[in-house]
Amino acid sequence: MKAAILTKYDKKGKDLLIQDIPVPVVGNDEVLVKIMAAAVNPVDNMIVRGEVKLIVPYRMPLVMGNEFAGVVEKTGSSVSGFRKGDRVYGRMPLKKIGAFAEYAAVSASALAIIPDYLSFEQAACVPLTALTAMQAFEIMHVKAGESVFISGGTGSLGAMAIPVARSLGLHVYTNGSGENEARVRKLGAEKFIDYRKEKYVNVLKDVDHVLDTLGDRELPNEFKVLKKGGNLVSLRGLPNGRFARRSGMPFYKRFLFQAAGRKYDKMAAAKGQTYDFLFVHENGRQLEEIGRLFDKDHPLQTSIDTVYTLDQINEAMEKVRKGRSRGKTIVRIGA
């Protein structure tokens, strides 16, 4: 089978090689998936540059790719709930990625059935954003009636996180450019702040939770709008000790990440708040929950920018690296 392979880390970026390798053998708790479509995400370029190797130390050569949709070809002896021909999607297990290939052996616990109304290319857009929303709100321990500010919520994450937050009974606030206001309000945002007209730090206060998508430059302001004792979950900050402990990492990594995230922990401690970093992990059960929250009349929101072939994987990676995607960059693999 064809696969896109990374041979070594490179801080400046490195092209993936298209090579023929054997079809993977499935373990007892795995499913062999024929990959029909995969999405390219910033995390793929982060892996190439070696930026996540302290979190997940991959061995080379490495079949790349984290997010996919495909068809079940075969199931392991211990697998129940899936059968040949099922349309499935998921986020590859952190310790065993490999979605940029014609086939992948995936832990059954990472998979969920694709809703009927989604194509393979649309389905490949869903897992990372859906799981990000579910896992962020889980870390926050949200309760109905509370409020959440989703920074920069006009992109693909906001399209997922806003309706998920509303389904959990949260009051949702976000910011972005004015032309997106009507669409974002339709998704369920109660308050929209046009960043060209006003600053959210001057509009919001005592928010129960913040989902940060902007990172270092905005974290100080996000802590300002968060209430005393509130929770902030960041997708773009630095890992900290809480992240390392939650992930079950060994002592030396807990020490390293505690030092790395100390700056943000100190910001949070000033008002008794908590800071958590999120690196999304696989979870088929949470994807099933997402499938139940949406239906044909209220569908999962997907946005596709460009569709490439597997042979064009480096063009797709470069597009995402330069931040030029308006929606997901998709690689079509299966026929």
Side-chain angles (χ1 to χ4, degrees), residues 41-43 52 54-56 66-67 90-91 93-94 109-110 126-153 155-174 188 206-216 218-219 222-223 225-249 253-254 257-258 260-290 293:
N41 293 278
V43 70
V52 302
L54 273 178
I55 298 175
V56 190
N66 286 275
E67 185 178 31
R91 190 249 193 272
L94 291 182
S109 63
V126 171
L128 276 175
T129 52
L131 292 174
T132 297
M134 294 295 284
Q135 291 170 23
F137 296 139
E138 184 176 66
I139 291 170
M140 293 171 183
H141 301 291
V142 299
K143 298 176 183 175
E146 293 180 331
S147 57
V148 62
F149 172 55
I150 300 171
S151 64
S156 59
L157 175 63
M160 185 68 65
I162 292 170
V164 170
R166 289 296 299 144
S167 75
L168 296 170
L170 299 176
H171 301 285
V172 185
Y173 316 138
T174 192
D206 293 332
V207 177
D208 292 297
H209 310 281
V210 171
L211 178 54
D212 163 60
T213 69
L214 303 175
D216 188 71
E218 285 299 324
L219 278 164
E222 289 169 350
F223 279 116
V225 305
L226 188 62
K227 76 173 186 180
K228 184 177 181 179
N231 313 107
L232 185 149
V233 172
S234 177
L235 312 178
R236 297 289 297 276
L238 289 170
N240 63 346
R242 288 169 61 90
F243 166 75
R245 289 191 294 275
R246 195 173 67 245
S247 303
M249 292 182 175
K253 285 193 177 182
R254 296 185 189 192
F257 286 134
Q258 184 173 332
R262 184 173 292 130
K263 171 183 174 182
Y264 303 135
D265 286 333
K266 288 179 71 174
M267 287 184 194
K271 287 172 36 180
Q273 300 159 337
T274 56
Y275 167 81
D276 285 285
F277 174 79
L278 175 61
F279 193 78
V280 181
H281 61 268
E282 71 278 7
N283 193 314
R285 176 187 57 79
Q286 288 180 330
L287 274 181
E288 288 176 1
E289 288 181 38
I290 286 289
L293 288 176

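Bear in mind that the values here come from a model prediction, so they are computed numbers and not experimental data.
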Expected output: side-chain [X] to main-chain [Y] donor-acceptor under 3.5 Å:
| X | Y | value |
| --- | --- | --- |
| Lys271 | Gly230 | no |
| Thr213 | Ser151 | yes |
| Ser247 | Met249 | no |
| Thr174 | Gly153 | yes |

Please name all residues satisfying salt bridge (Lys or Arg N to Asp or Glu O under 4.0 Å) with [X], sequence neighbours left out, ordered by chain then number.
| X | value |
| --- | --- |
| Asp276 | Arg242, Arg246 |
| Lys227 | Asp208 |
| Asp216 | Lys263 |
| Arg166 | Glu190 |

Indicate yes or no: at least one non-hydrogen side-chain atom of [X] is less than 4.5 angstrom from one of [Y].
| X | Y | value |
| --- | --- | --- |
| Phe149 | Leu232 | no |
| Leu287 | Pro127 | yes |
| Asn231 | Leu226 | no |
| Phe279 | Leu94 | yes |
| Val126 | Met160 | yes |
| Val172 | Ile150 | yes |
| Ser147 | Leu170 | no |

Mind checking side-chain hydrogen bond (donor to acceptor under 3.5 Å, both in side chains) for [X] and listing every partner two or more places apart, or none if nothing turns up?
| X | result |
| --- | --- |
| Gln258 | none |
| Thr132 | none |
| Glu67 | Asn41, Lys328 |
| Ser167 | none |

Trace of the side chain to side chain contact (heavy atoms under 4.5 Å, CB included) decision for Val148 with Tyr173: CA-CA 6 Å; Val148 62; Tyr173 316 138; over 6 Å; no
Distance in Å, [X] [atom1] paired with [Y] [atom2], rounded so as to fall on 0.5 Å steps:
| X | Y | atom1 | atom2 | value |
| --- | --- | --- | --- | --- |
| Phe243 | Lys253 | CZ | NZ | 9.0 Å |
| Leu235 | Thr129 | CG | OG1 | 11.0 Å |
| Leu219 | Arg236 | CG | CZ | 10.5 Å |

Stepwise side chain to side chain contact (heavy atoms under 4.5 Å, CB included) check, Asp212 with Val233: CA-CA 6 Å; Asp212 163 60; Val233 172; over 6 Å; no
Given Met134, Gln286, Gln135, the one that forms side-chain contact (heavy atoms from CB on, under 4.5 Å) with Val280: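 The single option meeting the side-chain contact (heavy atoms from CB on, under 4.5 Å) with Val280 is Gln135.
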Qualifying salt bridge (charged side-chain N to carboxylate O under 4.0 Å, His left out) pairs with a residue from residues 277-286, counting only residues at least two apart or across chains: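 Listed once each, the pairs are Arg285-Glu289.
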Verdict with reasoning, Arg262 to Asn240, per side chain to side chain donor-acceptor pair (under 3.5 Å): CA-CA 7 Å; Arg262 184 173 292 130; Asn240 63 346; over 6 Å; no
Minimal non-hydrogen separation, Ala136 against Leu211, with atom names: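 For Ala136 and Leu211, the tightest heavy-atom pair comes out as CB-CD1, 3.8 Å.
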Smallest separation among heavy atoms of Ala161 and Ala133, with atom names: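 The pair with the smallest heavy-atom distance is CA-CB, 3.8 Å.
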Partner set under side chain to side chain contact (heavy atoms under 4.5 Å, CB included) for Leu54, not counting sequence neighbours: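 With sequence neighbours excluded, Leu54 shows a side chain to side chain contact (heavy atoms under 4.5 Å, CB included) to Leu256, Phe257, given in chain and number order.
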Listed partners of Ala268 passing side chain to side chain contact (heavy atoms under 4.5 Å, CB included), at least two apart: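 With sequence neighbours excluded, Ala268 shows a side chain to side chain contact (heavy atoms under 4.5 Å, CB included) to Phe223, Gln273, Tyr275, given in chain and number order.
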Derivation of the side chain to side chain contact (heavy atoms under 4.5 Å, CB included) call for Leu238 and Phe277: CA-CA 6 Å; Leu238 289 170; Phe277 174 79; 5.9 Å; no
CZ/Arg254: more than 12 non-hydrogen atoms of other groups inside 6.0 Å: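 Buried by this count: over 12 neighbours within 6.0 Å.
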Side-chain atoms of residues 138-145: list all donor-acceptor pairs with protein atoms under 3.5 Å, sequence neighbours left out, distances to 0.1 Å.
none

